[in-house]
Number of protein chains: 2
Amino acid sequence: MKWGTYLRESKQVDGNMYAKNCPSRQVLDRIGDRWSVLVVAVLRGGPRRYGEIAATIEGVSQKMLTQTLRALERDGLVTRTVHATVPPRVDYELTGLGRSLLGLVAALENWAYTHMGDVLAARDAYDAR
Amino acid sequence: MKWGTYLRESKQVDGNMYAKNCPSRQVLDRIGDRWSVLVVAVLRGGPRRYGEIAATIEGVSQKMLTQTLRALERDGLVTRTVHATVPPRVDYELTGLGRSLLGLVAALENWAYTHMGDVLAARDAYDAR
DNA sequence: CTGCATCCTTGCTGATACTG
DNA sequence: CAGTATCAGCAAGGATGCAG
């Protein structure tokens, strides 16, 4: 079953994290997105142009970046500002809601740097068997 | 490019979160996994049998659950204990490393419940255009 | 510069059936 | 009970070309 299905089926909050329609799952879906967290992290430093974000995040395709930015915009986490210049210039910036995620992102980053060695060691040990 | 590729290509830490081989990305990959976080949350309450986990998490298939548990075990987040009884009984339990993730999971959950209303409202507003 | 449209490949995912 | 094996369907993601 896909997440799109969950969203279509219900938007209600039922308080059970393990239920299909739980908002936690929907948030997990966004956080879990491979690029969303990285984009939010980039925007931590203030507004950024499309090209700047693309240049900062290695390995993201144009398609995925645009798709991710649209999703973040839809969820009210970032704003998109188009400047009517030639060539066009588009700025993305975190909203208040988006900034409320920064603590989480920092915690995620922190856990990663703190425990990555353990995880890699565990993987090596597991694979050695 | 897939994550598997990253892991194969390099296991080094380079300190740049936006670089392809950054450990942050590898951790994000696991956190980002649809089921990993839910499984860790279930195991918060202590050891659980395979069937208990399956019954708690709605919508997870047997295949995905097994796959998720194996990945968590490989990463050193969960231990798997097989009891030689008939019928067999398999318990899963968080390791110390796994428990170090609990704060993050709680923060994630907390953000979800706190801001889900805003996100859903933003989506409605966006879709209405 | 920004980003939409299209094609195309990959592999995730769920359903089903079977085993120790 | 707790898996493994296999298969079909579909969606995610990348590459390319074009437009405003």
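Note: hydrogens, waters and symmetry copies are ignored here, and every other heavy atom, side chains too, is used. First the proteins, then the strands, lettered A, B, ... as listed; each starts at 1.
Whole-Å rounding puts the Leu65(A) CG to dG14(D) P distance at 11 Å. In this entry the distance linking CD1 of Ile57(B) with P of dG14(C) reads 13 Å, nearest Å. Distance Met64(B) CE to dA2(D) P: 18 Å, rounded to the nearest Å. The nearest whole Å value for the distance from the CD atom in Glu52(A) to the P atom in dT2(C) is 8 Å. Going from atom CD1 of Ile53(A) over to atom P of dC1(C) covers 15 Å, rounded to whole Å.
Arg99(B) is linked by a side chain to side chain donor-acceptor pair (under 3.5 Å) to nothing, counting only residues two or more places apart in sequence or in another chain. Arg44(A) is linked by a side chain to side chain contact (heavy atoms under 4.5 Å, CB included) to Ala41(A), Leu102(A), Val105(A), Glu109(A), Met17(B), Tyr18(B), counting only residues two or more places apart in sequence or in another chain. Applying the side chain to side chain contact (heavy atoms under 4.5 Å, CB included) rule to Ala54(A) yields the partners Leu65(A); only residues at least two apart in sequence or on another chain are considered. Partners of Arg30(B) under the salt bridge (Lys or Arg N to Asp or Glu O under 4.0 Å) rule, at least two apart in sequence or in another chain, are Asp75(B). With sequence neighbours excluded, no residue forms a side chain to side chain contact (heavy atoms under 4.5 Å, CB included) with Val86(B). Among residues two or more places apart in sequence or in another chain, the side chain to side chain contact (heavy atoms under 4.5 Å, CB included) test is passed with Ser61(B) by Lys63(B), Met64(B).
The nearest heavy atom of DNA chain D to Tyr50(B) and to Gln67(A) marks one nucleotide each, and the one closer to the 5' end goes with Tyr50(B).
Applying the ring pair (Phe, Tyr, Trp, His ring centres under 6.0 Å) test to residues at least two apart or on different chains, none of the pairs has a partner in residues 46-104 of chain B. Annotation: salt bridge (Lys or Arg N to Asp or Glu O under 4.0 Å) contacts involving residues 79-96 of chain B, sequence neighbours excluded, comprise Arg89(B)-Asp91(B).
How far CG of Leu77(A) is from OG1 of Thr95(A): 5.5 Å, rounded to the nearest 0.5 Å.
For the helix from dC1(C)-dG20(D) to dG20(C)-dC1(D), the end axes, each set by the C1' atoms of five terminal pairs, are bent relative to each other by 50° (nearest 10°).
Within the structure, every side-chain polar atom (N or O) of Arg49(A) is placed at least 4.0 Å from both OP1 and OP2 of dC1(C).
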Pairs: protein N or O with nucleotides 4-7 of chain C N or O, under 3.5 Å:
from, atom 1, to, atom 2, distance (Å)
dC4(C), OP1, Arg70(A), NH2, 2.9
dC4(C), N4, Gln62(A), OE1, 3.0

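Taken residue by residue, residues 82-95 of chain A places heavy atoms nearer than 4.0 Å to DNA chain C at Pro87(A), Pro88(A), Val90(A), Tyr92(A).
Cluster annotation: Leu72(B) and Val82(B) are assigned to the same hydrophobic cluster (Ile/Leu/Val/Met/Phe/Trp/Tyr, side-chain heavy-atom contacts under 4.5 Å, transitive).
The backbone N or O of Ser100(B) sits less than 3.5 Å from a side-chain atom of Trp111(A), completing a donor-acceptor pair.
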